[in-house]
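By convention in this document, chain letters (A, B, ...) are assigned in the order of the sequence lines, proteins followed by strands, and residues within each chain are numbered from 1. Note that the structure is predicted; figures quoted are calculated from it, not measured.
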Amino acid sequence: MKSFIKITSVFALIIALVSCNSEQRSRKIQYMGDTDMYDAVPYEAYSADHKVFKNGMEAQTPVVGTIARGKVAYDYPNSEVGYQLAKDSLRSPMKFKAPLDSIYRVSKANLAQGKHLYNIYCAVCHGKKGDGQGDLVKREKFLGVPNYKGRQITEGSIYHVIMYGRGIMGSHASQLNDKERWQVTHYVEQLRNDLLK
Amino acid sequence: MKSVNQHRKPLRLFLSSLIFILFFTMQLFAQDGNAKNGKKIFNANCAACHKLDARLVGPPLKGVTEKRTKEWLFSWIKDSKALIESGDADAIAIFEEYNKIPMTGYSDFSDQDLADVLAYTDDKPVKDASGTSGAATAASLGIDSLQVVKGKKIFNANCAACHKLDAKLVGPPLANIADKRSADWLKLWIRDNGALRASGDADAIAIFDEYNGSPMTAFPELKDADIEALIAFTSHASILEAKAKTGDTEVSNVAEVASIPWATYLVLLVVVLFTIWVYFISGNGFLKLMMTIAILIATGYFLYAWLMGIGVDQGYKPIQPIAFSHKIHAGDNKIDCQYCHSNAKHSKLSGIPSVNVCMNCHKSIAEYTGPVTEERDKVFYDGEIQKIYDAIGWDKEKLTYIEGYKQKPIEWVRIHNLPDFAYYNHSQHVTVAGLECQTCHGPVEEMDEVEQFSPLTMGWCIECHKKTELKVESNGYYAKIHEELSKKYGVKKVTVAQMGGRECGKCHY
């Protein structure tokens, strides 16, 4: 009897030693774990292993030729021709001309939002000032980012580049919606003008 | 008692030898200070008044150890005033020379620190990533290293988007391009390759055709000197690289010392032994009773704590399919959280980035060059990056997506997951309330592997709602309701809970 207790207490000690040190690699048990109160009956976003779709994935790209709700169509093709076309003819819907004003302007709120978004999505490479000196460039992880000053860009071409990317720069269309792309575009224009001064 | 004594002797021997070894290694270190650490100390303490190679408030410090003895320097740095007062001629001369401005004393520096700083002042290679030592080797080869450095800058800013030195990118590799083409040809081509082609130059047309007829951007703004520097760089980049290899790749051997709470185990052991003694050896009835009560209370306590932990996955840290490190991305490289978790601003979910987002950077970053540890070396990290390419079908040699590749998803393991009956929305907290991700998710930018930082219990949600005030500025939506509510509760600023953040129906429906 005595030795039995001794042995169990030694075992308990070893278990305590082991369990305290390990990382938590699996979930703990859940109260009413398997009921639908906890785990959704409908599919969770991004889950895999569902048989509804051919490739078993929840996240699907839109059917070719359709536009998801809330998205805006963009007709310029993803090519050099499309780039030139956008550069020459694509104009922002966000600019307005106040009475008695000769230039088209963008509202302060849109520019402020553009700055906020630019600092999140573009500044890692292009730098906060648009001089091509973002953190990734300074750390020599990602090279070849131009100074906006050195490029002949228009609002149309900036929008096009955010939409499809250019050269080694990738598309940022999945991270920014139509309105936000224009806000960023106008902030880039502003940065460029400041750099050219 | 005896047995205790017997144990002590070897222990003491062991300890004293340990101390001896420690002391000995310290001595060793003190001999040749650690220049890297010295640089840190120098930049934090000395750089305000000293440069290495030029006079600032104080004299330049490069090679100072050749001028003065170590002992002298130590006592000067620790307390220069005392040294001057002691009548040391050198000290007085310096004091006079620098307008009688006394130097701050650094008496709290250890000898090791000082040795490190001095090592830094005479160890040239650490000084500048692109400077002196490269220049030394370059000079012996008759290369103008300044030109190479300048060329590198120009290359990185203009050419690197489409060219690498030793591999094909959008355009051809450029290493040693001067062996193939003349400088004049290169100047014409770089400034305006369209015109060169139009003039019927056979080489130019051949290149154009080889690279699928996509024209290269023209750089009319580059001057002759710039292009010469570029050529110098493409021919002699290796002098900078050799430098980078010796200087930059630091293997940080920060072996994590597992902090085992030995004290806890010791106490536990004593308690268990005591219990056994009470029940089976002592035969004391009162003690047994007290022990039983104590054990019951303890069991109740631990059982309660265990039950309350059900379904609370604080600290959950599953193994992910790719050893993606937030420390490297969000911490070291300062990529904003929302660059990847871009849904947080508009939607309920923050979302895990799809592979195209990874590829925005990893089209070009195919190799890891940051600091490594023993278990996670460069080969490991490169393998992890390769996993992205395997998922999406990217050919990193040809730099194209493989056509007809059967892409497969990267199946990240979800960590944070509220039960289905609770509704939580990121955009309300991130965009409207303007909370930082870190308030709820902890210091993610320091985690190599993400773990659940907060308990995500209902009490946790409510606690924050009770004490956080609404951010009403620049939010027209709140203007009216805020005015009414602050009147009703008689407060200046309304908390989330007062606005209704504690009503059941807001989260459970």
**Asked** Do we see a donor-acceptor contact under 3.5 Å between the side chains of B:H346 and A:E180?
**Response** yes

**Request:** State the CG-OG distance between A:L143 and B:S364, to the nearest 0.5 angstrom.
**Result:** 7.0 Å

**Asked** Side chain, backbone, both or neither: which part of B:I415 has a non-hydrogen atom closer than 4.5 Å to chain A?
**Response** backbone

**Message:** Quick check: do B:N356 and A:S174 have side-chain heavy atoms less than 4.5 Å from each other?
**Reply:** yes

**Complete:** Heavy-atom closest pair (B:N156 atom, A:E140 atom, distance to 0.1 Å) is ND2-OE2, 4.4 Å

**Under 4.5 Å from a heavy atom of chain A, the part of B:N343 involved** = side chain

**Sidechain N-carboxylate O distance under 4.0 Å for A:R25, B:E451** = no

**Asked** Under 6.0 Å from the NZ atom of A:K129, do we count more than 12 heavy atoms belonging to anything else shown?
**Response** no

**Non-hydrogen atoms of B:S342 and A:Q175 that approach each other most closely** = OG-CG, 3.6 Å

**Prompt:** At their closest point, which heavy atom of B:N360 faces which heavy atom of A:G170, and how far apart are they?
**Reply:** OD1-CA, 3.2 Å

**Complete:** Note: vs chain B, highest number of non-hydrogen pairs under 4.5 angstrom among A:P146, A:G167, A:S26, A:G132 is A:S26

**Prompt:** Between A:Q133 and chain B, which part of the residue has a heavy atom less than 4.5 Å away: side chain, backbone, both or neither?
**Reply:** neither

**Message:** Tell me the closest heavy-atom pair linking B:Y339 and A:Y121, and the distance in Å.
**Reply:** CE1-O, 3.1 Å

**Prompt:** Given that the side chain runs from C-beta out, which part of B:K348 has a heavy atom under 4.5 Å from chain A: side chain, backbone, both or neither?
**Reply:** neither

**Request:** Measure B:L349 against the heavy atoms of chain A and call it side chain, backbone, both or neither at under 4.5 Å.
**Result:** side chain

**Charged N-O contact under 4.0 Å between B:E221 and A:K149** = no

**Fill in**
When every non-hydrogen atom of B:N333 is compared with those of A:D135, the smallest separation belongs to O-CB, 4.0 Å

**Fill in**
Answer key: most heavy-atom pairs under 4.5 Å with chain A among B:Q314, B:K334, B:K406, B:Q338 is B:Q338

**Prompt:** What part of B:C361 is in contact with chain A, defined as an atom under 4.5 angstrom from a non-hydrogen atom: side chain, backbone, both or neither?
**Reply:** both

**Request:** Pick one of side chain, backbone, both or neither for A:N177, based on which atoms fall under 4.5 Å of a heavy atom in chain B.
**Result:** side chain

**Request:** Using a cut-off of 6.0 Å, state whether more than 12 heavy atoms not belonging to B:K317 lie near its atom NZ.
**Result:** yes

**Prompt:** What's the shortest heavy-atom distance between A:K141 and B:I365, and which atoms?
**Reply:** O-CG1, 3.5 Å

**Message:** To the closest 0.5 Å, what do you measure between CG (A:L176) and NZ (B:K345)?
**Reply:** 5.5 Å

**Message:** Among A:K28, A:H172, A:R139, which residue has the highest count of heavy-atom pairs closer than 4.5 Å to chain B?
**Reply:** A:R139

**Fill in**
Applying a strict 4.5 Å limit to non-hydrogen atoms, the region of B:I352 in contact with chain A is backbone

**Prompt:** What part of B:E367 lies closer than 4.5 angstrom to a heavy atom of chain A: side chain, backbone, both or neither?
**Reply:** neither

**Request:** Look at atom NZ of B:K396 and say whether more than 12 heavy atoms of other residues, nucleotides or ligands are closer to it than 6.0 Å.
**Result:** yes

**Message:** So for A:V124, is it side chain, backbone, both, or neither that comes closer than 4.5 Å to the heavy atoms of chain B?
**Reply:** side chain

**Message:** Quick test of your reading of the model: are B:D313 and A:R27 salt-bridged, counting only N-O distances below 4.0 Å?
**Reply:** yes

**Item:** Under 4.5 Å from a heavy atom of chain A, the part of B:V312 involved
**Value:** backbone

